[in-house]
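The block underneath contains the structure these notes are about, expressed in structure tokens.
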2 protein chains.
Amino acid sequence: MLNERSLAAHQDCKDCPIRHKAVCARCESDELERLEEIKYYRRFEAGQTVVWSGDRMDFVGSVVSGIATLTQTMEDGRTQMVGLLLPSDFVGRPGRSTAAYDVVATTDLVMCCFRKSPFEDMMGRTPHIAQRLLEMTLDELDAAREWMLVLGRKTAREKIASLISIIARRDASLHMRTSDGPLAFDLPLTREAMADYLGLTLETVSRQISALKKDGVIHLEGKRHVTIPDMDRLMEEAGDDADGGMLV
Amino acid sequence: MLNERSLAAHQDCKDCPIRHKAVCARCESDELERLEEIKYYRRFEAGQTVVWSGDRMDFVGSVVSGIATLTQTMEDGRTQMVGLLLPSDFVGRPGRSTAAYDVVATTDLVMCCFRKSPFEDMMGRTPHIAQRLLEMTLDELDAAREWMLVLGRKTAREKIASLISIIARRDASLHMRTSDGPLAFDLPLTREAMADYLGLTLETVSRQISALKKDGVIHLEGKRHVTIPDMDRLMEEAGDDADGGMLV
DNA sequence: AATGTACATTGACGCAGATCAACACAAGGC
DNA sequence: GCCTTGTGTTGATCTGCGTCAATGTACATT
């Protein structure tokens, strides 16, 4: 998933996160050429499924624009979102042939893909790429574990505050906002999707958002547009120690 | 974390998971020598903390014997376990200098360690090691995400059944049990530690274990020794589609 | 035997969040 | 205009699990 580090690294190449300075400044140029050769783009509409859990997945890639979600579903229909993919986030599992989760586009989505086997070949010859991928995967692991704390131990109100503060921070770094001043952005998820991320029902999500609004922690314009007058206050509501946690 | 794959790979070298066939059959022998040079062992007693979250961590390594936990704690003391380390599991973050979680030995523990910077150097020269580490990290990521479903969407009873079935399966593969027949093993965690893993209170854990026992899903001898008469039944209780899920 | 400590079980009670249900509002399509 | 569909809000009620508290069990220490 996205974090300040991978994002910063991504600045110099909007369309292909693998090929950014952090990796490629150290790579030989013919390796870069080869990456370029096996690269292609895929476009999805909002609501479309990118891959189904268990299906063969013969590419790896990253999000160029739009938002996708990773979800798991039990037989009886209970679902849990296990990841949120924003621009520059990586998808795919070198060394695996099938997808472990449903990947769904929640907005229109553009992905930059590489066919898996040539990509793996390249990884074998280019240690920096494998190392870079390892770092990105460790970031995702941190994010997933951070989220385990949210799911296991936080109250509904704290969960909502956590989610909003994560989205706010991602959005801020995406637009290179330099700290301070009120943040404003659109929630990229429906109430139901938030509920699936937070392990709540959509009614509880709605109620808690209303409560945070009433208490002045956030302002709402319409149903989606949020402004945050005081980020520290929000993080306090989220139960985070100021500017410490939340790697996502 | 442990799974069938990393475990199988581990069979041929009990003391050092990095140096098993899956990686090293393809490595040059002088690289192996160098790994050997920077390797050392550390021993911890039950209850000792291996590293504190935020502390400098200048090694990576893996569990040789015993059990350790990864936990996160909020300021007010709420804690969530985010990982369970069993023999052959890897700890550490190439490319990071500080620990992200508390690592605590819950039993006497032996770890096989490598100083971080020489290990990283080696990774840079030996693509297979980076790739192997990437695969292991992807396994952990799957496990963490699988656990997000448990934390976010399962009932207390299902959570307990999930935990017991995971421990049962790990134990079975550790002893190379070939399917079928009742499984028997000791729970390696206190009720409190289970509660921290499952996002429950220890009272609820105790109650649900009693309930599963009363309903014949498990048998209990003393407080820790469990036998499972019917694994399929247990997995049904866990809400897993038979032999599908649960990668941990 | 007496005492302490760590771990586990069980009961009584209350509340946060789920569930069920009604309603609001905007955007299309006809 | 009217109807439908997707999305969000709010209320009333129910319940699973947390909280508080008492009790039990096994072992170690003196």
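Of the residues in residues 202-218 of chain B, B:Glu203, B:Thr204, B:Arg207 come within less than 4.0 Å of DNA chain D through at least one heavy atom, sorted by number.
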For residues 209-228 of chain A, which side-chain N or O atoms pair as donor and acceptor with protein atoms under 3.5 Å away, sequence neighbours left out?
unit_1	atom_1	unit_2	atom_2	d
A:Ser210	OG	A:Ser206	O	3.0
A:Asp215	OD2	A:Arg157	NH1	3.1
A:Asp215	OD2	A:Arg157	NH2	2.9
A:Arg224	NH1	A:Leu187	O	3.1
A:His225	ND1	A:Asp186	OD1	2.8

Below 3.5 Å, can you tabulate the donor-acceptor pairs from side chains in residues 77-85 of chain B to any protein atom, sequence neighbours excluded?
unit_1	atom_1	unit_2	atom_2	d
B:Arg78	NE	B:Asp76	OD1	3.4
B:Arg78	NE	B:Asp76	OD2	3.0
B:Arg78	NH1	A:Arg153	O	2.9
B:Arg78	NH1	A:Glu158	OE1	2.8
B:Arg78	NH2	A:Glu158	OE1	3.4
B:Arg78	NH2	A:Glu158	OE2	2.7
B:Arg78	NH2	B:Asp76	OD2	2.9
B:Thr79	OG1	B:Asp196	OD1	3.2
B:Thr79	OG1	B:Asp196	OD2	3.1
B:Gln80	NE2	B:Asp196	O	3.0
B:Gln80	NE2	B:Tyr197	O	3.0

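The residue A:Thr190 sits close only to the backbone: its heavy atoms come under 4.0 Å of sugar-phosphate atoms, none of a base. Among the atoms of the strands shown, only primed sugar atoms or phosphate atoms (P, OP1, OP2) are found under 4.0 Å from some heavy atom of B:Gly199. Residue-level contact check: B:Arg224 touches the backbone only, with heavy atoms under 4.0 Å from sugar-phosphate atoms and none from bases.
Across all their heavy atoms, A:Gly47 and A:Val104 have their closest contact at O-CG1, 4.0 Å.
Salt bridge annotation for B:Arg207-B:Glu203: absent, with no cationic side-chain nitrogen under 4.0 angstrom from a carboxylate oxygen.
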**Request:** Show your working on side-chain hydrogen bond (donor to acceptor under 3.5 Å, both in side chains) between B:Ser165 and B:Ser162 and close with a plain yes or no.
**Result:** CA-CA 5 Å; B:Ser165 105; B:Ser162 297; over 6 Å; no

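Protein chain B touches strand DNA chain C; the 5'-most and 3'-most nucleotides with an atom under 4.0 angstrom of its non-hydrogen atoms are C:dA8 to C:dA12.
Contacts of B:Asp108 classified as side chain to side chain contact (heavy atoms under 4.5 Å, CB included), with partners at least two apart in sequence or in another chain: B:Glu45, B:Ala46. Take B:Arg43 and apply the side-chain hydrogen bond (donor to acceptor under 3.5 Å, both in side chains) test, not counting sequence neighbours, and it matches no residue.
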